[in-house]
Structures are given as structure tokens and as C-alpha cells.
Amino acid sequence: MNALPAPPAARWLPPDTFAGQTALVTGGGTGLGLEISRGLAALGARVIVASRSAEHHAQLLAEAAERGWRVESRTLDVREAEAVEKLALELDEHGGIDILVNNAAGNFVCPAERLSARAWRSVLGIVLDGTFYCTRYFGRGMITRGRGQVLNIVATYAWTGMAGVVHSSSAKAGVLAMTRTLAVEWARHGIRLNAIAPGPFQSEGAANNLWPEADRKRRIEEQIPLGRFGSAEEMAAHALYLLSPSCAYVNGECLVVDGGLSLGRGMWDSGERRGGSTS
Ligand code: HXC
Ligand code: NAP
């Protein structure tokens, strides 16, 4: 069982980094959430993955059984405040959670003038309301226990803006403001909040909704100074780092992991990128 190599995101930290801690990862069965969940479990945490579809948790549960990780699955729609509160109260009866990762999201490309009210609410509901409900209800238990951590997954368009995703950019901007606000408000309770802002990485949800055609993906890649998409594993490695004791004095920060995509292109032609990508 232990002969299996650690998942890539977990290779940079000591194997007992999260021993004795319980983490809840929303959307923790797919894409980035899956890699964060795998990393936390490999580094000793008990992990609860929560999202709408239990089918999305099957891969992680199977791997956990094989490796001896402690992973549990809960169906939850983060837009439903009462359901979030119910789960938080249930988990609080058994020690509660130490780490909350607000990773669940919904997104698609749609010009703002064509975006229906329901479509706007759907994305705002998942990203902004859902992050607040989870933070508020799981945060209450953390306040009672006097310790905890929240990691929010945002995107750089929270501050750069990006045409075509007004719902997601507005919601992520709200989540970033929430991160910084509560980093101050809850520090006295021993709770830290941070965020990471990944650049594009391949996940089924993002690929289906944002770059369904190979040509569109290639055009995005061409804009990235490092010349390639990131991977969910490397994004997760930064998530684990921010949650680890190395970052005990980091609070209210947003770590950008985007190969330089969100930086200015410059006004002068600085020449083509030479050499291979830095993987
Ligand atoms: C326009 C759309 C649409 C689209 C849905 N809607 N997709 N409008 N263009 N492509 C509209 C619907 O018509 C409906 O409005 C409303 O949105 C709600 O649709 P539902 O299908 O009922 O919503 P729901 O079942 O709640 O699903 C939520 C979802 C879906 C967001 C629409 O895509 C989802 O579940 N996504 C989860 C996975 C995901 O998106 N992952 C990507 C993460 S990447 P009407 O008015 O017709 O009733 C990311 C950052 C990437 O977040 C950053 C890259 C740099
Ligand atoms: P993903 O695999 O599609 O992940 C989205 C997850 O959210 C799914 O597991 C989904 O599970 C869950 N989810 C959606 N709606 C939910 C709801 N109402 N309640 C509970 N869970 C819900 O996408 P990803 O690319 O890994 O994205 C992960 C995070 O990274 C997101 O916050 C995203 O905004 C961010 N991000 C991604 C990129 C990228 O390029 N991929 C770039 C920047 C930021 P269910 O369907 O089972 O509910």
C-alpha cells in the first residue's frame, strides 16, 4: 500500500504535514479539487469531499481504499445555505473541520448582454454565495475551537477582468474581497484565510465550458509567457503549501500561479520566447 509513490502535489512537504487535521474540499472529486484532496489525504489529513454528484467522488474513494487514506464523500450543493449549515453542524458534533477549501465553481463563456438572470445567478450562487455559506457555517465551528484555515480558489480576472465571463469575474472578485475581509476579522479567532489564483489548467469542467475546441486552447497557450498550461497537480502543490505550517504567518494573501499570463504584455516586441517550456 505504502509502496505507491505520493501524488505529485504532495511531494514537496513532509508526509505528516496535515496529520490529525480534518479538511473539507468543495468540488473535491474533480480537477483541481481532486488534486488538493489527494494531496491533503496523502499528507495525513482526513478529507471530506463535498459536491452535487457522488459519482464525482468515486475515483478518489477508490484510490483512498487502495492507499489507506481517510476520505469521505458528502453530496452537497453549496448554493443551499440550509444544507451547508446542516453538514457543518453534523461535522461539528465530531470535532469539526480544521481546513476548508472553497474550490467549487461553475463557469462558461457568454457575452454579458446575452447572459440570462438565471445564468448569472447560477454562477454567482455557486462561487460567491457558496463560498460565503461554507465559510460562514464551517467558520462558526472554527471560531468556537479557536483555530482553522480557509483557502479560496479564485482567478486572476478577479482584478484584471476578462471579456466573456462577467459572472465568474464578478463572483471571484467578491471571493477575493471576502478572503481579505475575513483574514482581518477572524484572525483574532486563530483563523487564517488565503487564496490562490491559478492560470488556465486542464480540467474536464474548464475544457468543456471554456476551451471546447483545440484551436481555442492553442490560442490561449500562445498568450502564456511560459508557453504552456499549468497542471492541476502544480496548482494543488501551491494550495498545500499555503495550508502548510510554512505559511503560518501568511494571511489574506492571494498567490498567483499562472505562468505570467496576467502580467502586461509590454508595448514593444521583446522577441519570441526561446528554448523549451519550464516544466
Ligand atoms: C449561456 C448558459 C450556459 C452557456 C448554462 N447557461 N450554460 N448560458 N451559455 N454556456 C444558463 C442556462 O441556460 C440557464 O439559464 C442557467 O445558465 C442555469 O443553467 P443550468 O444548467 O440549470 O445550471 P446548473 O445545472 O446549476 O449548472 C451550473 C453551470 C454548469 C455553471 C451552468 O456549467 C456547471 O455545473 N458547471 C460546473 C463545472 C464548471 O463549470 N467548471 C469550470 C470551472 S473553471 P436559463 O435562463 O436558460 O434558464 C473556472 C475558472 C476558469 O471557474 C478560469 C480560466 C482562466
Ligand atoms: P471542475 O473540475 O469543473 O471543478 C468544479 C467542481 O465544482 C466540480 O467538482 C463540481 O462537482 C463542483 N461544483 C460545481 N457546482 C457545485 C455546487 N453547486 N455545489 C457543490 N459543488 C459544486 O473545475 P476546475 O477547473 O478543477 O476548477 C476548480 C477551481 O479552480 C474553481 O474554483 C475554478 O474557478 C478555479 N480555476 C480554474 C481554472 C482552470 O483553468 N481550470 C483557472 C482558474 C481558476 P459537482 O459537479 O459534483 O457538483
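Note that the structure is predicted; figures quoted are calculated from it, not measured. For ligands, and for the atoms within them, numbers begin at 1 and follow the listed sequence.
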- Query: Which atoms from ligand 1 have a heavy atom of L210 less than 4.0 Å away?
  - Reply: 44 (S), 51 (C)
- Please state which protein non-hydrogen atom is closest to atom 30 (O) of ligand 2 and give its distance, to 0.1 Å? I153 CG2, 3.4 Å
- Quick one: look up the protein heavy atom nearest atom 45 (P) of ligand 2 and list residue, atom name and how far away it is. H56 ND1, 3.3 Å
- Message: How far is atom 18 (C) of ligand 1 from the closest protein heavy atom, and which atom is that?
- Response: S122 CB, 3.9 Å
- Which residue and non-hydrogen atom of the protein lie closest to atom 15 (O) of ligand 1, and at what distance in Å? S116 OG, 3.3 Å
- Task: Would you tell me which option among A206, A232, G199 has the nearest heavy-atom contact to atom 42 (C) of ligand 2?
- Result: G199
- Message: Heavy atoms only, cut-off 4.0 Å: how does K172 contact ligand 1, side chain, backbone, both, or neither?
- Response: neither
- Item | Salt-bridge present (E213, K217; N to O < 4.0 Å) | no
- Item | SB check R145 D92 (cutoff 4.0 Å) | yes
- Basic-acidic side-chain contact under 4.0 Å: R228, E234: yes
- Item | Nearest neighbour in protein (non-hydrogen) for atom 22 (C) of ligand 2 | A104 CB, 3.6 Å
- Task: Considering heavy atoms of the protein only, find what lies nearest to atom 33 (O) of ligand 1 and give residue, atom and distance to 0.1 Å.
- Result: N209 OD1, 3.8 Å
- Item | Candidate with minimal heavy-atom separation from atom 26 (O) of ligand 2, of V165, V175, L32 | L32
- Query: Nearest protein heavy atom to atom 12 (C) of ligand 1: under 4.0 Å?
  - Reply: no
- Do me a favour and list the nearest non-hydrogen protein atom to atom 40 (O) of ligand 1 with residue, atom name and distance? N107 N, 2.9 Å
- Item | ligand 2-proximal atoms of K172, by part, heavy-atom distance under 4.0 Å | side chain
- Task: Would you kindly specify which portion of Y133 sits under 4.0 Å from ligand 2, judged on non-hydrogen atoms: side chain, backbone, both or neither?
- Result: neither
- Only heavy atoms count here, so choose which of N103, N209, V154, N208 is nearest to atom 28 (C) of ligand 2. N103
- Evaluating non-hydrogen atoms only, which member of A236, A105, S51, G27 is closest to atom 14 (C) of ligand 2? A105
- Report, in ascending order of atom number, the atoms of ligand 1 lying under 4.0 Å from any heavy atom of R79. 26 (O)
- Query: Hey, is atom 20 (P) of ligand 1 touched by any protein heavy atom at less than 4.0 Å?
  - Reply: no
- atom 20 (C) of ligand 2 [closest protein heavy-atom partner, distance rounded to 0.1 Å]: L76 O, 3.2 Å
- Nearest protein heavy atom with distance in Å, relative to atom 16 (C) of ligand 2: R52 NE, 3.4 Å
- Among all protein heavy atoms, pick out the one at the shortest distance from atom 31 (C) of ligand 1; state its residue, atom name and that distance to 0.1 Å. G106 CA, 3.6 Å
- Query: Can you check side-chain contact (heavy atoms from CB on, under 4.5 Å) on E204 and T30, steps first, answer last?
  - Reply: CA-CA 8 Å; E204 210 178 301; T30 68; over 6 Å; no
- Closest to atom 24 (P) of ligand 2 among protein heavy atoms sits S203 OG, 3.4 Å
- Which heavy atom of the protein is the closest neighbour of atom 18 (N) of ligand 2, given with residue, atom name and distance? D77 OD1, 2.8 Å
- Message: Could you identify the single nearest non-hydrogen protein atom to atom 38 (C) of ligand 1 and state the distance to 0.1 Å?
- Response: A105 O, 3.8 Å
- Looking at atom 5 (C) of ligand 1, what's its closest protein heavy atom, distance included? F108 CE2, 3.7 Å
- Atoms of ligand 1 close to A119 [distance to a heavy atom under 4.0 angstrom, numbered from 1]: 11 (C), 15 (O), 16 (C), 17 (O)
- Query: Does a side-chain N-to-carboxylate-O contact under 4.0 Å join E233 and R38?
  - Reply: no
- Carboxylate-amine/guanidinium proximity below 4.0 Å for R74 and E72: yes
- Task: Heavy-atom distances under 4.0 Å are what count here, so tell me which part of R52 touches ligand 1: side chain, backbone, both or neither.
- Result: side chain
- Query: Closest non-hydrogen protein atom to atom 1 (P) of ligand 2, residue and atom name please, with distance?
  - Reply: T30 OG1, 3.6 Å
- of all protein heavy atoms, closest to atom 22 (O) of ligand 1 is R118 NH2, 3.7 Å
- Message: Please determine whether a side-chain nitrogen of the Lys or Arg among E90 and K86 lies less than 4.0 Å from a carboxylate oxygen of the Asp or Glu.
- Response: no
- Closest by any non-hydrogen atom to atom 36 (N) of ligand 2: pick that one out of F201, Y157, F229. F201
